[in-house]
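For reference, the structure is listed below as structure tokens.
Note: hydrogens, waters and symmetry copies are ignored here, and every other heavy atom, side chains too, is used. Naming convention: chains lettered A, B, ... in sequence-line order (proteins, then strands); numbering from 1 in each chain.
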There are 4 protein chains.
Amino acid sequence: MPPAVTKRARRKAERPSEILDAAFEEFVLHGYAATRLEDVATRAGVTKGTIYFYFDTKERVFEEMVRHKSQSFLPGLKDYALTLRGSATERLRGLIAFTYGHIAENRESREILRFLIAEGGRFPDLVDRHYEEFVAPIIDQFREVIDQGVAAGEFRNAPAAGFTEIVMSPAVLLSLWSLLFGTRKEVDFVAFTEASVDLLLRGLAKD
Amino acid sequence: MPPAVTKRARRKAERPSEILDAAFEEFVLHGYAATRLEDVATRAGVTKGTIYFYFDTKERVFEEMVRHKSQSFLPGLKDYALTLRGSATERLRGLIAFTYGHIAENRESREILRFLIAEGGRFPDLVDRHYEEFVAPIIDQFREVIDQGVAAGEFRNAPAAGFTEIVMSPAVLLSLWSLLFGTRKEVDFVAFTEASVDLLLRGLAKD
Amino acid sequence: MPPAVTKRARRKAERPSEILDAAFEEFVLHGYAATRLEDVATRAGVTKGTIYFYFDTKERVFEEMVRHKSQSFLPGLKDYALTLRGSATERLRGLIAFTYGHIAENRESREILRFLIAEGGRFPDLVDRHYEEFVAPIIDQFREVIDQGVAAGEFRNAPAAGFTEIVMSPAVLLSLWSLLFGTRKEVDFVAFTEASVDLLLRGLAKD
Amino acid sequence: MPPAVTKRARRKAERPSEILDAAFEEFVLHGYAATRLEDVATRAGVTKGTIYFYFDTKERVFEEMVRHKSQSFLPGLKDYALTLRGSATERLRGLIAFTYGHIAENRESREILRFLIAEGGRFPDLVDRHYEEFVAPIIDQFREVIDQGVAAGEFRNAPAAGFTEIVMSPAVLLSLWSLLFGTRKEVDFVAFTEASVDLLLRGLAKD
DNA sequence: GATGAATGAGAATTCATTCAT
DNA sequence: TATGAATGAATTCTCATTCAT
């Protein structure tokens, strides 16, 4: 018989992630340097000492938090990509819709971007790891579809095919826009995405 | 005889801008919170007290620094726009080349963007002012050319014409790329710009 | 077995009052503004940080210190008043002796007066609270005895009966004298009190 | 012909006293330590440097200010005393009325008292000088009249005759009251003085 | 495991004082 | 005489980190 997982034990197992969730909120609110671990602890419902039981330093808390919050996108993308059917154009359109939705509208994703930009100088490893685990796979996914489209004669062999990042740039812009202006300057996300897709597909199209 | 500008007076007049230049470098190096005004002072060749003679608080130093460093682009853009000749396509190409060069390659411009992303929550007025004085005029400049191209029948009336920001998004991506990876992942700026221009102009072109 | 009060716990419970005692001495020595919390800490045998663990600001330390040091007189007065016997004259004499002894000779009481005079502008609430908790009850105590004396026909209904504060004024003068001249100009406290009592009682006496 | 005193020269001669007047107001407002010489300068319509031209240090400014503001009472008292006529009782009553009016109601006199209490520890010479020049002469004036009253058989040889300060104590109390409570607890000055005089004269009277 | 009292290095800010002009 | 830019010592307050319980 497996040992009963008591509530206490369960909570214990969840502590680190509760702390990281709380840390995320506080770091979002105040930035890395201005965040007090004391506030993180309070928000997580523990005390300062407990944080130090799980994490060595404030830097470590920050790093782990970024990792913790970065893990949600990738699996979803891969699964989604497998469901794509139809022409390269249709598949690219699907990919864009999915990715834009995540990059531009997902709050956590957006704030992680802010952290990386703001504190990247202090945490270069974090940035590089993020690139490997998050950015590169997305780019690869796009590149694959585009290459297939070129091979299939749907897309012209545009120079942009060698800079797949360009395809993601409107989403990044949207994300930045949101980081900068919050709710002060709202953008019509759907219309913006539509316009971007239209421009990109026309730009890639043969003829 | 013109009144002799004494060495002391000359230095005095330059002090604030010397301090702001030093502040820029320190803020780039360490970020807002981790920058010590003492280091700014040392870099500027003065003492802490002198900074406080010219600026009330560290926040003020930061704000003034951002303003100080933001003033270089606009006049150049307007002047350049006046020299543009040829078709809307040619003019748009020129505008993109000029703007991308500034946004993506100019170090100060790029670091200002980092400051706004990182500290925008603390300085929303700064962000909004930056939008008014810096972002909006650029967008307007692009919109004007695109509208003319549409009116002249060179460009189709793409939905992207209503979201001129999209045209700038590859430049913003480049800028961010540089902020994130510094010299660790270099991008061929010229080729990237070429690819973007190609994609955009094809995307906008009639037919 | 009673729960052992550990050394640590005991010390912890006493910390705030140890800090306030130390603060009192330092504030007496240098005044509010010129007192360094660092010195208070050293005197209390702790470090700066500890003070801030218990008190938010220097102002708070000052306020709490005044409260802490103001609490000793009142209970004694009430108890003492209950032991008074004899004619109103005798009881008034007893009250005066007791009160003068406290106001004029008690060092803490005297220095609190100095603090209130010196820093009252910055801490009006402190002054008002002191009045309610300290001054008013004393005045009431005197008023009661005087009124009884008037009712009993021992005292004439002098206008001073309506300004009981007058009865305390020699004690306040003594207190001030001590604050101003310290040991440089000693006053014979007993003789002074005797003279005051003599003057007051003669002034109040019927006929 | 005497040299015309130009406005500039006249102003120059008045500078130190203008500075001391301004210093008085600032010291009243903030206390010694919290007063900024910069604010004194602004109030006096000069700059910081000018203050240092006339006074060596902030301490000197404070000391000179106290002297400057202490000089107004004495001559008036002596002149007034010379006009007193009638019985010792009448003369004492007159003296009390005059002195109380000054001590208790004169703002400058009252604030000087506050300065001496608050900063006496730092400026003992100032306190002693104030005693010699201000307090002692007043006491002497009272003692003279009281002694004359005793000699003339109007007053009994009360022990209080040896502590003339007692006679001034109600005035000091009033002054302190005002320092502590400002306008928050007003006292009927005339009635209070009447009650004090009544009590004192009855206390001193023969029979 | 968890707590929270205690530490102490560190940073922003203030302001009396100086001195070149 | 007067100015005001510049200095730098001093002080409050913060907070990551430690560790006895």
* Selection from F/dT18, F/dC13, E/dT13 that lies nearest to any side-chain heavy atom of C/T57 ->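 Selected nucleotide (nearest to the side chain): F/dC13.
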For atom [atom1] of [X] and atom [atom2] of [N], their distance in whole Å:
{"X": "C/Y52", "N": "F/dC15", "atom1": "OH", "atom2": "P", "result": "13 Å"}
{"X": "C/I51", "N": "E/dT7", "atom1": "CD1", "atom2": "P", "result": "10 Å"}
{"X": "A/F53", "N": "F/dC19", "atom1": "CZ", "atom2": "P", "result": "16 Å"}
{"X": "A/F62", "N": "F/dA16", "atom1": "CZ", "atom2": "C1'", "result": "16 Å"}
{"X": "D/Y54", "N": "F/dT3", "atom1": "OH", "atom2": "P", "result": "9 Å"}
{"X": "C/D56", "N": "F/dC13", "atom1": "CG", "atom2": "P", "result": "9 Å"}
{"X": "D/R60", "N": "E/dT17", "atom1": "CZ", "atom2": "C1'", "result": "16 Å"}
{"X": "C/L37", "N": "F/dT14", "atom1": "CG", "atom2": "P", "result": "12 Å"}

[N] phosphate, OP1 or OP2: any side-chain N/O from [X] under 4.0 angstrom?
{"X": "D/R15", "N": "F/dT1", "result": "no"}
{"X": "B/T50", "N": "F/dT7", "result": "yes"}
{"X": "B/T47", "N": "F/dT7", "result": "yes"}

* Structure fact -> Between B/G49 and C/K58, the residue closer to the 5' end of DNA chain F by nearest nucleotide is B/G49
* **Residue closer to the 5' end of DNA chain F, A/A33 versus C/R36 (nearest nucleotide)** =>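 Upstream on the strand: C/R36.
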* Asked: In chain order, what residues pass the side chain to side chain contact (heavy atoms under 4.5 Å, CB included) check against D/A23, with sequence neighbours excluded?
  ->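 D/A23 satisfies side chain to side chain contact (heavy atoms under 4.5 Å, CB included) with D/F27, D/V40, D/V61, D/M65 only.
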* Structure fact -> Residues passing the side chain to side chain contact (heavy atoms under 4.5 Å, CB included) test with D/A33, sequence neighbours excluded, are C/A33
Once side chain to side chain donor-acceptor pair (under 3.5 Å) is applied, do any residues pair with [X], and if so which ones, sequence neighbours excluded?
{"X": "C/E25", "result": "C/R107"}
{"X": "C/R129", "result": "none"}
{"X": "C/E108", "result": "C/K69"}

* A/E38 pairs by salt bridge (Lys or Arg N to Asp or Glu O under 4.0 Å) with which of A/K58, A/R43, A/K48? -> A/K48
* **ring-ring contact (aromatic ring centres under 6.0 Å, His included), paired with D/F115, selected from D/Y32, D/F123, D/F62** => D/F62
* Do A/K48 side-chain and E/dT3 base share a donor-acceptor contact under 3.5 Å? -> no
* For DNA chain F, write out the stems as range with range, using runs of 3 or more consecutive Watson-Crick or G-U pairs with both distances under 3.5 Å. =>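 Expected stems, ordered by start: E:2-21 with F:2-21.
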